[in-house]
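Input: a single structure, listed below in structure tokens.
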Amino acid sequence: MTPYFPFPSFLIEYRSMAINYRAELNDEQYAAVTTIDGPLLIIAGAGSGKTRVITFRIAYMLDNGIPQHSILALTFTNKAAREMEERIKELTGKKLQNMTISTFHAFGVKILRQDIERLGWRENFSIYDEVDRNQLIKDTGRELGFTADSLDVYKIGALFSGIKSGHRNWENANDQYRKLYEEYQAGLKLYNAVDFDDLIVLPIKLFREHPDVLEKYRQRYRYIMVDEFQDTSIQQYQFMHMLATGNVAVVGDDDQSIDSWRGANYENIRMFERDFPDLREIKLEQNYRSTETILEAANGVISHNTNRKEKALWSGNGSGRPIEIYLPENETAEADFVADTIRAVCMADRRKYDDFGVLVRANTLTRAIEEAFLDANIPYTVSGGTSFFQRKEINDIISYLRVIANHDDDINLLRIINTPRRGIGRRTIEQISEFSGMRKCSLWTSINAHLAAEDSPLSEKAKADLEEFVNLITEQRAQMLGGRGLSKKVKAMVDTIDYLSYLVQEYQKNEKAARYKLLNIDSLINSIDTWEKNPDNFDPGLFAYLNRITLLSRDDMDDDSGKGKVNLMTIHASKGLEFPVVFIIGAEDGIIPHARSLEEGDGSIEEERRLFYVAITRARDKLFLSSCSRRRKIQSVVECVPSPFLQEIPPHLVEYHEPAAEVEADKAIEILANMKKRFTI
DNA sequence: TTTTCTATCAGCAAC
DNA sequence: TGATAGAAAA
């Protein structure tokens with residue numbers, strides 16, 4: 001119908017905003033989007049438009065008058081949360097001020113910030129990551145007199161995490177660590193700190209002990225949505241279950257459950273079916289992402305798993321090109337092959353660098369690739385892995401901020417008390433920590449007691465140095481807590497402690513490293529600046545910043561969002577992403593499946609297979625696999641065999657490429673010899 | 001007593 | 001390769 005007179009422009013804009021759900025979605029997707037009341041289980045196969053369904057579903061809720069503040073969407077990574085938010089904004093054209101889209105952990109922090117006092121912590125608590133946690137375990141263990149070889153902090157940390165998250169319990173085998181666990185917990189509380197597991201466990205405790213708090217959240221969040229449901233832990237499930245008042249939708253794919261090592265439990269899908277018997281289940285089985293070749297390969301692999309929900313994923317995308325498997329001589333050859341192929345495909349198919357994803361099983365495997373990319377001048381970003389905030393220089397600065405916010409945070413205090421060096425050495429620290437052990441107080445309290453006491457055993461020099469430190473922190477605290485402009489204040493602090501000279505001093509032999517670290521600090525300050533200038537940020541203070549920061553990973557820092565760069569990452573980090581061209585490197589037995597998974601037994605192999613499945617299904621058009629015949633490991637070179645999973649790909653989909661024989665090796669030697677000649681002349 | 005140097009050890013995945 | 005713990009040097 002043509003209108004008699006033109007609509008005013010705002011009306012036209014409104015009309016163009018209106019979403020035609022039927023036209024945009026297939027039947028299953030449409031059903032999933034429009035079922036907003038009651039429990040809903042969406043089984044979303046790889047590439048079936050899961051993100052699309054979630055964003056449209058939220059848009060649909062808003063269209064039907066559900067207020068933003070009653071919607072809660074939980075994800076696993078910040079990246080996913082941010083992406084979801086952006087897509088919804090784009091789709092609806094609305095500002096999202098009251099909607100809660102966040103990771104489980106960030107949501108836990110939010111709850112704890114409100115009410116943690118009821119559990120005996122103080123408001124500005126610190127959040128300990130693995131490194132902090134392990135340090136605390138080490139310190140506590142020493143105090144309890146554990147010998148160095150019975151103190152494998154890595155293992156103990158995993159044990160404690162397992163205990164806390166409820167998927168392990170005390171058996172006589174590890175009873176010896178029970179006391180340590182209790183002391184560890186006491187330590188956390190003394191330092192006014194919580195660890196990652198606490199971010200889920202403590203809110204549950206809070207809800208149990210204070211039903212009024214729970215009720216507040218239940219009243220508010222009438223509509224709950226959980227993404228990557230197959231990766232929720234028992235706790236996270238419980239957490240969600242407590243909050244849910246009935247309108248709860250979970251989206252997941254049991255075939256993509258790859259996080260069981262941190263408590264993820266895809267049995268939760270069955271649990272959900274039990275707990276919400278009147279649920280509606282919708283399967284999304286049309287794959288919009290990959291070619292039929294890639295999908296068939298993925299199905300061939302995953303069909304070897306026994307314990308899974310049957311799915312019939314299909315794609316109407318045409319068969320596309322075959323999968324190529326390369327068998328390079330070693331990891332250097334493999335890296336060169338990846339770099340060369342990327343350049344070649346860029347030229348031949350008019351691809352951009354960000355069309356490529358290079359997936360590895362473990363972070364250590366990225367090294368050779370990075371070197372090859374640098375040599376070949378291929379721009380790349382690495383995501384996942386050690387977070388930006390785990391770099392020493394960043395961690396130092398953050399530790400300062402932590403101690404400024406929370407004086408009792410011993411772990412962070414110890415990290416910075418003599419960084420940069422200010423003459424406070426082992427002996428002094430021993431003395432003050434002995435006192436705090438006796439008095440059951442934090443180091444900060446102990447230091448101040450020593451400074452005030454007449455009969456302190458400390459030398460005058462030590463006292464003076466400590467006093468200088470205390471003054472520094474006190475002054476900085478006064479600065480930081482007053483008024484706005486956090487980034488400027490942090491910059492001023494970095495200048496005050498003269499961190500730059502410290503870096504130059506420490507890295508005399510490696511000027512490049514020092515400069516790089518300097519740049520990192522700059523980008524930290526920049527990121528604080530962007531954060532506090534964000535108009536959506538209502539609380540740009542120090543506490544808010546610290547609460548947020550521990551939960552971020554490296555990709556959350558990049559401003560340029562990796563545009564125009566090859567994406568290099570672990571398979572785990574690639575969850576939920578897709579790339580036109582994908583390389584899976586190191587497809588060797590012992591890497592994938594990882595050697596340790598064989599030792600562990602029970603279902604670990606199936607998880608490794610799911611991991612491989614996830615990797616394959618990231619690819620849209622073209623998939624390359626490579627498996628080296630030799631690889632450098634630690635100090636020695638190890639012979640490698642291709643991954644057994646490669647056999648599970650139907651052979652007619654695959655082209656094998658043997659290495660380009662020894663001729664190349666000879667040539668390489670010749671070239672090297674020529675180069676040497678040139679240099680010696 | 002604090003700082004610097006050297007040797008040794010260990011390496012899966014991440015909020 | 002990097003971090004860390006213990007030994008030597010300042």
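In this text, all values refer to a predicted model and were calculated from it rather than measured experimentally. Just so you know, these numbers use all the heavy atoms, side chains as well, and skip hydrogens, waters and symmetry mates. In what follows, chains carry the letters A, B, and so on, assigned in the order in which the sequence lines appear, proteins first and then strands, with residues in each chain numbered from 1.
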- Stacking check: are the rings of H105(A) and dC15(B) less than 5.5 Å apart at their centres and under 30 degrees in tilt? no
Gap between atoms [atom1] and [atom2], on [X] and [N] respectively (whole Å):
X: R421(A); N: dC5(B); atom1: CZ; atom2: C1'; result: 12 Å
X: E430(A); N: dT2(B); atom1: CD; atom2: C1'; result: 13 Å
X: R632(A); N: dA10(B); atom1: CZ; atom2: C1'; result: 15 Å
X: N418(A); N: dT4(B); atom1: CG; atom2: C1'; result: 13 Å
X: I592(A); N: dC12(B); atom1: CD1; atom2: C1'; result: 11 Å
X: R426(A); N: dG6(C); atom1: CZ; atom2: C1'; result: 8 Å
X: L611(A); N: dC12(B); atom1: CG; atom2: P; result: 14 Å
X: Q236(A); N: dC15(B); atom1: CD; atom2: P; result: 12 Å

- Task: For S233(A), check side chain to side chain donor-acceptor pair (under 3.5 Å) against everything at least two apart and list the hits.
- Result: Q236(A)
- residues 231-243 of chain A vs salt bridge (charged side-chain N to carboxylate O under 4.0 Å, His left out), sequence neighbours excluded, gives D231(A)-K575(A)
- Within residues 191-202 of chain A or reaching into it, pairs that qualify as salt bridge (charged side-chain N to carboxylate O under 4.0 Å, His left out) - sequence neighbours excluded: K164(A)-D195(A), K164(A)-D198(A)
- Mind checking whether F207(A) and F239(A) have parallel, tilted or perpendicular rings, split at 30° and 60°? parallel
- Message: Quick check on dC12(B): is either OP1 or OP2 less than 4.0 Å from any side-chain nitrogen or oxygen of R361(A)?
- Response: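 For dC12(B), OP1/OP2 do not have a side-chain N/O of R361(A) under 4.0 Å.
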Scan the side chains in residues 416-424 of chain A for donor-acceptor partners under 3.5 Å anywhere in the protein, sequence neighbours excluded, and list what turns up.
residue: N418(A); atom: OD1; partner: R422(A); partner atom: N; Å: 2.8
residue: N418(A); atom: OD1; partner: G423(A); partner atom: N; Å: 3.2
residue: N418(A); atom: OD1; partner: I424(A); partner atom: N; Å: 3.2
residue: N418(A); atom: ND2; partner: I424(A); partner atom: O; Å: 3.0
residue: T419(A); atom: OG1; partner: R415(A); partner atom: O; Å: 3.1
residue: R421(A); atom: NH1; partner: E506(A); partner atom: OE2; Å: 2.8
residue: R422(A); atom: NH1; partner: I416(A); partner atom: O; Å: 3.0
residue: R422(A); atom: NH1; partner: I417(A); partner atom: O; Å: 2.8
residue: R422(A); atom: NH2; partner: Y400(A); partner atom: OH; Å: 2.8

Of the candidate nucleotides [options], which contains the atom at the shortest distance from the side chain of [X]?
X: N363(A); options: dA14(B), dT4(B), dC12(B); value: dA14(B)
X: A573(A); options: dC12(B), dA14(B), dT1(B); value: dA14(B)
X: F196(A); options: dA14(B), dT4(B), dC15(B); value: dC15(B)

- Item | Set of residues satisfying salt bridge (charged side-chain N to carboxylate O under 4.0 Å, His left out) with respect to D336(A), sequence neighbours excluded |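 Not a single residue meets the salt bridge (charged side-chain N to carboxylate O under 4.0 Å, His left out) criterion with D336(A).
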- Message: Base, sugar-phosphate or nothing for T428(A)? Non-hydrogen atoms, less than 4.0 Å.
- Response: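 Sugar-phosphate: the residue T428(A), judged by heavy atoms under 4.0 Å, touches backbone atoms but no base.
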- Task: Could you check whether F104(A) gets within reach of a base, just the sugar-phosphate, or nothing at all, counting any heavy atom under 4.0 Å?
- Result: nothing
- Task: Answer with yes or no whether E130(A) presents, from its side chain, a donor or acceptor under 3.5 Å of a partner atom in the base of dC15(B).
- Result: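 Indeed, a donor on one side and an acceptor on the other fall under 3.5 Å apart.
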- State which residue, out of K110(A), R548(A), R113(A), fulfils the salt bridge (charged side-chain N to carboxylate O under 4.0 Å, His left out) condition with D539(A).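 Among K110(A), R548(A), R113(A), the one meeting salt bridge (charged side-chain N to carboxylate O under 4.0 Å, His left out) with D539(A) is R113(A).
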- Along DNA chain B (nearest heavy atom to each residue), the more 5'-positioned of Q505(A) and H572(A):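 Between the two, 5'-proximity favours Q505(A).
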If you restrict it to nitrogen or oxygen atoms, what contacts under 3.5 Å exist between nucleotides 1-5 of chain C and the protein, and what is each distance?
residue: dT1(C); atom: O4'; partner: R367(A); partner atom: NH1; Å: 3.3
residue: dA5(C); atom: OP1; partner: K138(A); partner atom: NZ; Å: 2.9

